[in-house]
Amino acid sequence: MYDDGLGGTKDLGEAVRWYRLAATQGSVDAAFTLARLLCRGKDPKDLVEAAHLFRHAAEHGSDDAEIMANAQYALAQMHHLGQGLPRDQSEALRLAGLAADQG
């Protein structure tokens, strides 16, 4: 609700706080959404945290194949561009392939 302003005022800081809390309690969906929010920021530390959260969602999102595939693709992009992760084209291709295999 805070990230899109539904039912109240849009407050990305508050959205990050609530998604982070849910992610620390094991919510893969919250980890994925938090990672997407962090990618909007300019702070390189946010990209490192986003990569960590995407990796968690990619490895533990088996209950939701769409989240798992999207997280794998996001990690592939980060490796391809060297944003938040070391630039690694072979890992980017591997992750993109995993994402594609899931449809």
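Note that this is a predicted model, so its numbers are computed, not measured.
- Legend: side chain to side chain donor-acceptor pair (under 3.5 Å) pairs involving residues 20-30, not counting sequence neighbours, sorted by first then second residue: R20-E49.
- Of all heavy-atom pairs spanning A99 and A69, the tightest one is CB-O, 3.3 Å.
- In this structure, CD in Q72 is found 9.0 Å from CD in E59, a value given to the nearest 0.5 Å.
- Checked by atom type and distance alone, the side chain of H79 pairs as donor or acceptor with a backbone atom of P86 at under 3.5 Å.
- Here the CD-CZ distance, from E66 to F32, works out to 8.0 Å after rounding to the nearest 0.5 Å.
- A65 approaches Q102 most closely through the heavy-atom pair O-OE1, 3.4 Å.
- The two atoms that bring A31 and H56 nearest to each other are CB-CD2, 4.1 Å, heavy atoms only.
- Residues satisfying the salt bridge (Lys or Arg N to Asp or Glu O under 4.0 Å) criterion with R17, sequence neighbours excluded, are E14.
- We find the CZ-CG distance between R55 and L95 to be 6.5 Å, quoted to the nearest 0.5 Å.
- Note that OG1 of T33 and CG of L38 are 11.0 Å apart. Values are rounded to the nearest 0.5 Å.
- At least one side-chain heavy atom of L47 sits under 4.5 Å from a side-chain heavy atom of C39.
- With sequence neighbours excluded, the residues that form a side chain to side chain contact (heavy atoms under 4.5 Å, CB included) with R94 are E91, L98.
- Between I67 and V28 there is a side-chain heavy-atom pair separated by less than 4.5 Å.
- A distance of 13.0 Å separates OH in Y19 from CG in L53, rounded to the nearest 0.5 Å.
- The two residues A71 and F54 come nearest to each other via the heavy atoms CB-O, 3.4 Å.
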